[in-house]
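One structure below.
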Protein chains: 2
Amino acid sequence: MPVDHRSPTPLYVQLAAILREQITSGELASDAPLPSESYLQQENGVSRVTVRKAVEVLRNEGLVYTLPQRGTYVR
Amino acid sequence: MPVDHRSPTPLYVQLAAILREQITSGELASDAPLPSESYLQQENGVSRVTVRKAVEVLRNEGLVYTLPQRGTYVR
DNA sequence: TTTCATTTGTCCGTATGTATT
DNA sequence: AAATACATACGGACAAATGAA
C-alpha cells in the first residue's frame, strides 16, 4: 500500500504506518536494517524530510534504533 | 528559562534572549557552534521558523555568524 | 594505505495551509 | 487585515563516519 498524496493523513504518518506494519508482521525481523533513507525516498515518492520524520516516529515508539552513519535497525 | 507561549513577547524574541544570555555568560564560548536548529526546536518547543528568526536576530546583532551550509557559530 | 560509495546528520531556501491574536 | 506561529512538504548541499574495495 503506497502513500497517498491526496490523503489528509500526513505522508510521514502514512509511511510510518507502512513500515510499522512490516515490522510487526515480521517482514522486517529483529536487528534487520531498514531500507536506507534514499531508498525509502525513491520507493515511496516522498522527500527525505518525510522519510526521516516517519523513522523518527518509529524510533519514538521504540520499534527501531538508529546507528549514526550506519543505518536504522529493527529492535 | 523556557519560552512562554502565553507571553505577548514574540517567541523568536524570547528565544533570542535565551541564546543571547548563553553567549554573553560564556556558556556558549567563542567559535562554538550553536545547537542545531532541530535541537533548539525540540528543546524549546517551538517551530523551525521561530528558531531561524531568533538566530537571525543574533546575527543582526553581530553575536553570531553563519557559514552557509555549515552552521552558526558564536563570534 | 588509500580510495570510494553509502548512510545519517545538519543546514539552507522555499512553499502551502491552518490557527491564533 | 496583518503579524505571529505551527505543521507539513519539497528540493539541494555539504559533513562525518563507516565499511568495502
Side-chain angles (χ1 to χ4, degrees), chain A residues 1-20 22-23 28-75, chain B residues 1-20 22-23 28-75:
Chain A
M1 229 202 355
V3 296
D4 179 2
H5 284 258
R6 293 155 314 176
S7 166
T9 304
L11 292 179
Y12 77 90
V13 173
Q14 293 182 50
L15 181 55
I18 291 172
L19 294 172
R20 191 184 301 109
Q22 293 178 1
I23 292 171
L28 285 171
S30 190
D31 286 321
L34 284 201
S36 75
E37 292 177 355
S38 61
Y39 177 89
L40 291 174
Q41 228 181 109
Q42 297 185 14
E43 202 64 15
N44 296 281
V46 296
S47 74
R48 196 183 166 203
V49 179
T50 301
V51 169
R52 286 175 65 79
K53 287 203 72 168
V55 172
E56 188 189 8
V57 167
L58 301 179
R59 199 162 40 233
N60 290 339
E61 292 174 354
L63 280 175
V64 302
Y65 58 97
T66 297
L67 302 181
Q69 272 74 53
R70 293 293 299 117
T72 296
Y73 300 83
V74 179
R75 188 171 299 279
Chain B
M1 225 203 358
V3 297
D4 179 3
H5 284 258
R6 296 154 313 176
S7 165
T9 305
L11 289 179
Y12 75 90
V13 173
Q14 294 183 49
L15 180 54
I18 291 172
L19 294 173
R20 191 184 302 109
Q22 293 178 1
I23 292 171
L28 285 172
S30 189
D31 287 322
L34 284 200
S36 74
E37 292 179 355
S38 61
Y39 177 88
L40 291 174
Q41 232 182 103
Q42 297 186 13
E43 202 64 16
N44 296 281
V46 297
S47 75
R48 188 185 168 208
V49 180
T50 300
V51 170
R52 289 171 65 79
K53 290 193 74 167
V55 172
E56 188 190 8
V57 167
L58 301 178
R59 196 162 43 233
N60 290 340
E61 291 173 356
L63 281 175
V64 301
Y65 59 97
T66 297
L67 302 181
Q69 270 81 49
R70 295 287 292 110
T72 297
Y73 300 84
V74 178
R75 188 172 300 278

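By convention in this document, chain letters (A, B, ...) are assigned in the order of the sequence lines, proteins followed by strands, and residues within each chain are numbered from 1. Fair warning: this is a prediction, and the values are worked out from it, not measured in the lab.
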>> Within the 4.0 Å limit for protein heavy atoms, which parts of nucleotides 14-21 of chain C are touched? Write it as a string from 5' to 3', B for base, S for sugar-phosphate only, - for none.
In response: B-------
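- Across all strands shown, nothing is found opposite D:dA1 as a Watson-Crick or G-U wobble partner with both distances under 3.5 Å.
- For A:R70 and A:V13, each mapped to the nucleotide of DNA chain D holding its nearest heavy atom, the one lying further toward the 5' end belongs to A:V13.
- Dashed line: the shortest gap from a side-chain N or O of A:T50 to OP1 or OP2 of D:dC10 is under 4.0 Å.
- Remark: B:D4 pairs with B:R6 by the salt bridge (charged side-chain N to carboxylate O under 4.0 Å, His left out) rule, at least two apart or across chains.
- Within 6.0 Å of atom OH in B:Y39, 12 or fewer heavy atoms from other residues, nucleotides or ligands are found, so the atom counts as exposed in its surroundings.
- Look at A:Y12 and you'll find a side-chain N or O under 4.0 angstrom from OP1 or OP2 of D:dT8.
- Look at A:K53 and you'll find a side-chain N or O under 4.0 angstrom from OP1 or OP2 of D:dT8.
- What separates CD of A:E56 from P of C:dT10 is a distance of 11 Å, to the nearest Å.
- Put simply, the side chain of B:Q14 gets close to the backbone of B:T9: a donor and an acceptor are under 3.5 Å apart.
- The CG-P distance, from A:D4 to D:dT8, rounds to 17 Å in whole Å.
- Out of D:dC10, C:dC12, D:dA5, the shortest distance to the side chain of B:L11 is found at D:dA5.
- Here the rule is side chain to side chain contact (heavy atoms under 4.5 Å, CB included) with A:R70, and of A:T66, A:T72, A:L67 only A:L67 fits it.
- One cannot find a donor-acceptor pair under 3.5 Å joining the base of D:dT18 and the side-chain atoms of A:Q69.
- By the 4.5 Å heavy-atom criterion applied to side chains, B:L34 and B:L28 are counted as neighbours.
- Here the C1' atom of nucleotide C:dT7 and the CD atom of A:Q41 are 12 Å apart, to the nearest Å.
- Taking the side chain as every heavy atom from C-beta outward, A:L11 and A:H5 approach each other to under 4.5 Å.
- Contact of the A:V51 side chain with the A:Q41 side chain is registered, since non-hydrogen atoms from C-beta on lie closer than 4.5 Å.
- The stretch residues 28-40 of chain B has no heavy atom under 4.0 Å from DNA chain D, so no residue of it qualifies as close.
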